Protein chains: 4
Amino acid sequence: MDNRPTRQSVGDHLTTTQKEKTRDRILGAAEQVFASKGYHESLVDDIAEEVSLSKGGIYFHFPSKEDLFFAVLDRLADRLVVKAEEAAARETSPLARAEAALMEVLLRLGKRRRLARILMVQGYSMGNAFEAKRVEIFGRFAEVIKANLDEAVLAGEIRDVDTAIAAHVWLGAINEIVIRWLYEGTPQPASAADSLRSILVHGLIVEDSF
Amino acid sequence: MDNRPTRQSVGDHLTTTQKEKTRDRILGAAEQVFASKGYHESLVDDIAEEVSLSKGGIYFHFPSKEDLFFAVLDRLADRLVVKAEEAAARETSPLARAEAALMEVLLRLGKRRRLARILMVQGYSMGNAFEAKRVEIFGRFAEVIKANLDEAVLAGEIRDVDTAIAAHVWLGAINEIVIRWLYEGTPQPASAADSLRSILVHGLIVEDSF
Amino acid sequence: MDNRPTRQSVGDHLTTTQKEKTRDRILGAAEQVFASKGYHESLVDDIAEEVSLSKGGIYFHFPSKEDLFFAVLDRLADRLVVKAEEAAARETSPLARAEAALMEVLLRLGKRRRLARILMVQGYSMGNAFEAKRVEIFGRFAEVIKANLDEAVLAGEIRDVDTAIAAHVWLGAINEIVIRWLYEGTPQPASAADSLRSILVHGLIVEDSF
Amino acid sequence: MDNRPTRQSVGDHLTTTQKEKTRDRILGAAEQVFASKGYHESLVDDIAEEVSLSKGGIYFHFPSKEDLFFAVLDRLADRLVVKAEEAAARETSPLARAEAALMEVLLRLGKRRRLARILMVQGYSMGNAFEAKRVEIFGRFAEVIKANLDEAVLAGEIRDVDTAIAAHVWLGAINEIVIRWLYEGTPQPASAADSLRSILVHGLIVEDSF
DNA sequence: AATGAATGAGCATTCATTCAT
DNA sequence: AATGAATGAATGCTCATTCAT
């Protein structure tokens with residue numbers, strides 16, 4: 001009956017629908033709850049309460065608790081990868097870009113305990129189901145680093161090492177530093193950053209150059 | 001401390017009693033089950049079946065599933081630390097000892113998938129309760145490495161870096177390489193060992209020395 | 001009763017309004033879904049999907065799932081009773097009319113598995129709520145048969161038995177034959193019809209007459 | 001250590017173990033609850049309370065609510081078949097045996113409303129899963145009747161009809177009479193027994209013999 | 001030492017129904 | 001008339017743990 005043109009077309013890709021907003025609110029609440037209690041100890045009820053929605057409401061948006069958890073992880077990883085890439089883009093040399101990406105991840109995780117916990121450890125409590133996801137997410141980070149290391153090799157900035165292994169070494173280092181910080185409280189990632197970078201880039205050997 | 005030979009009856013702490021044998025059988029079965037299914041998905045029933053014992057029988061030897069899991073972890077870590085220390089002892093220079101300890105851990109984990117899984121990832125599945133244990137165990141490994149690195153610094157073999165961070169970097173690298181191998185199947189830790197060592201020891205920078 | 005043609009506007013009780021059409025489409029879809037999955041295993045969502053309508057749309061036409069189910073049953077029973085009565089009307093003797101009604105029901109059920117399932121067994125799935133409905137519907141069929149049997153008694157065609165019981169015996173026989181056919185696939189009601197009629201009408205006893 | 005012979009050997013087939021007793025108590029309680037509320041409306045909690053056992057206790061003995069329900073049905077059917085066979089055995093002619101079996105079932109169902117409800121209707125509320133069971137149980141009753149009718153045919157007592165159909169006709173008749181009684185309260189199966197038998201055995205036709 | 005029956009708190013998921021739009 | 005997001009009560013099943021024997 002109403003054929004008047006509307007200023008906001010239905011399904012417009014620029015419009016955030018109400019449904020998407022609710023979905024996002026659920027993701028936010030779930031992130032918070034999962035981060036503080038871990039997967040198994042987080043009840044769907046907890047998340048429902050956090051987001052002021054009924055349990056059924058959550059199940060309208062996500063088919064299962066597991067799917068919800070994965071969606072949370074994806075969202076976090078997406079954001080972090082974007083930030084890492086942005087940080088890399090601000091540098092000029094390939095090695096500097098790789099370092100920047102790594103440091104960005106380290107520092108962001110170091111600033112947000114919740115983010116760190118959920119990406120680094122909470123997922124394991126899902127049992128084997130989580131493993132593929134963990135590999136996928138770390139693989140995405142590794143890819144960003146490896147790409148820059150490859151360029152650095154081509155540019156002659158670094159030695160011709162196995163850049164895939166190097167990328168994972170870097171990530172593993174971050175992972176360990178962050179976990180240690182999470183559970184021992186020290187050292188703060190930010191204050192470990194310089195040592196870390198130095199060790200990763202220059203190794204331990206005394207430079208007997210000149 | 002007491003090395004005198006004993007002739008004591010059954011029940012003696014130097015004799016392997018029947019009770020201790022059963023306890024050990026339980027630990028072995030539990031290790032197997034936990035390694036393949038993770039903590040949460042492993043049922044006490046599964047372990048009981050594996051060890052051909054009733055559930056009650058297990059509870060006679062271990063007060064809870066959690067305690068049993070910790071005992072499994074401790075046993076594994078004990079063995080691995082001993083092996084790492086033995087490997088280190090066979091070397092002469094401090095840095096070589098640190099490297100040897102690291103490589104020993106990497107190669108042993110690389111040979112025993114089950115061992116790797118349980119030490120590297122399954123533990124997280126207990127939620128926050130496990131975290132202290134994880135830190136404790138990784139701390140023990142780190143300690144072995146750090147001690148040797150400290151000596152290497154004193155001996156002037158390596159730069160005067162933060163050896164605690166370096167030790168964790170090394171462990172984190174191993175952790176990541178092993179996890180990647182577990183879930184992607186490649187590269188085999190043994191074949192990654194050289195690259196890994198090179199990267200950790202010499203860093204990535206082109207040595208423009210002499 | 002009123003056969004005069006009408007010229008009334010939309011909304012008239014003799015006109016099939018859009019609303020009535022939708023209602024009918026819902027009934028058809030519900031019949032199909034209930035017949036194949038039974039009451040409890042049929043979800044309002046299933047029916048909504050079948051009829052390409054939203055769940056809310058169904059609730060606009062029917063106050064509850066239970067009401068919808070009853071409406072489906074009523075529609076089916078109405079049709080079948082009409083057919084049975086028509087079949088009876090085509091016969092001349094009372095006994096022949098009773099037999100015709102019975103056979104009509106048997107054969108129609110035998111032709112439409114779905115119809116048979118829903119009338120013979122699915123209804124029970126509502127628990128006690130359905131029972132009155134089942135009695136009502138079977139009662140309607142029994143009434144048709146009983147009325148003719150009563151006449152047959154008056155006409156001296158059959159013995160002076162309890163016609164109510166006889167009517168239910170006949171229905172029970174049909175019910176059992178149809179259910180057996182539904183789940184064992186044999187014998188086809190049509191092929192059992194003659195045996196059935198013979199057994200019901202003549203009994204089993206050898207006629208040692210004349 | 002104790003090698004003294006015991007008076008009661010373990011696993012003795014004449015001994016009712018404690019476990020079996022509990023299992024039986026559960027079956028009894030379940031029979032009662034299912035009979036009065038139907039399958040879906042009976043909660044495992046209801047049964048647990050009825051038998052003064054925890055929910056988990058029930059699941060120790062039966063893997064699921066559905067299995068428990070089937071076990072209840074089997075037990076009831078077993079008993080009823082035995083009684084029907086005993087009743088048949090007390091008669092001398094084949095037809096009398098078939099009649100006796102049928103009447104035994106009718107009268108027993110007529111005496112125990114709960115038994116009747118559970119065997120005749122409650123199961124349907126399980127949805128399609130129940131159907132095979134219903135067919136199986138009715139098939140067992142039919143078999144008893146058919147066997148005797150076959151003999152009656154051989155003995156020339158009854159006509160050479162399709163005894164499988166006849167057996168199901170008889171059962172269907174009982175089923176319908178019992179259900180009608182259950183929901184309308186009348187006629188009492190016992191008082192319908194004579195009419196029923198007469199109708200089934202002699203049919204409706206006026207015997208014009210003399 | 002070991003059994004195994006029993007406990008009981010715990011929880012994800014389902015689905016008929018509602019209601020603002 | 002119809003939508004579909006949201007509700008919320010309902011419930012079967014799990015499993016670590018206990019304990020009488």
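Here the structure is a predicted model, which is why all the values come from computation and not from measurement. Lettering follows sequence order; numbering is per chain, from 1.
Taking CZ of Phe34(B) as the start and CG of Leu73(B) as the end, the distance is 8.5 Å to the nearest 0.5 Å.
Listed by first residue number, the stems of DNA chain E with at least three Watson-Crick or G-U pairs below 3.5 Å are E:2-21 with F:2-21.
Residues forming a salt bridge (charged side-chain N to carboxylate O under 4.0 Å, His left out) with Glu49(B) (at least two apart in sequence, or on another chain): none. Taking the salt bridge (charged side-chain N to carboxylate O under 4.0 Å, His left out) definition, one finds that Asp45(B) meets it with Lys55(B), sequence neighbours left out. Take Glu136(A) and apply the salt bridge (charged side-chain N to carboxylate O under 4.0 Å, His left out) test, not counting sequence neighbours, and it matches Lys133(A).
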Donor-acceptor pairs are to be reported for all side-chain atoms of residues 23-31 of chain B against protein atoms at under 3.5 Å, with residues two or more places apart or in another chain.
{"unit_1": "Arg25(B)", "atom_1": "NH2", "unit_2": "Val51(B)", "atom_2": "O", "d": "2.6"}
{"unit_1": "Glu31(B)", "atom_1": "OE1", "unit_2": "Arg75(B)", "atom_2": "NH2", "d": "3.2"}
{"unit_1": "Glu31(B)", "atom_1": "OE2", "unit_2": "Arg112(B)", "atom_2": "NH2", "d": "3.4"}

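Rounded to whole angstrom, the span from the CZ atom of Phe62(C) across to the P atom of dA16(E) amounts to 16 Å. Distance CZ (Arg23(B)) to P (dA2(E)): 13 Å, rounded to an integer number of Å. One can place CG of Asp67(A) at 9 Å from P of dT13(E), the figure rounded to the nearest angstrom.
Side-chain contact between Phe130(A) and Glu66(A): absent, with no pair of heavy atoms (C-beta onward) separated by less than 4.5 Å.
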**Fill in**
Nucleotide by nucleotide, nucleotides 6-13 of chain F touches protein heavy atoms under 4.0 Å in the pattern (B base, S sugar-phosphate only, - none) SBB--SBB
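A cation-pi contact, defined as under 6.0 Å to the ring centre and within 45° of the axis, is absent between Lys65(B) and Tyr59(B).
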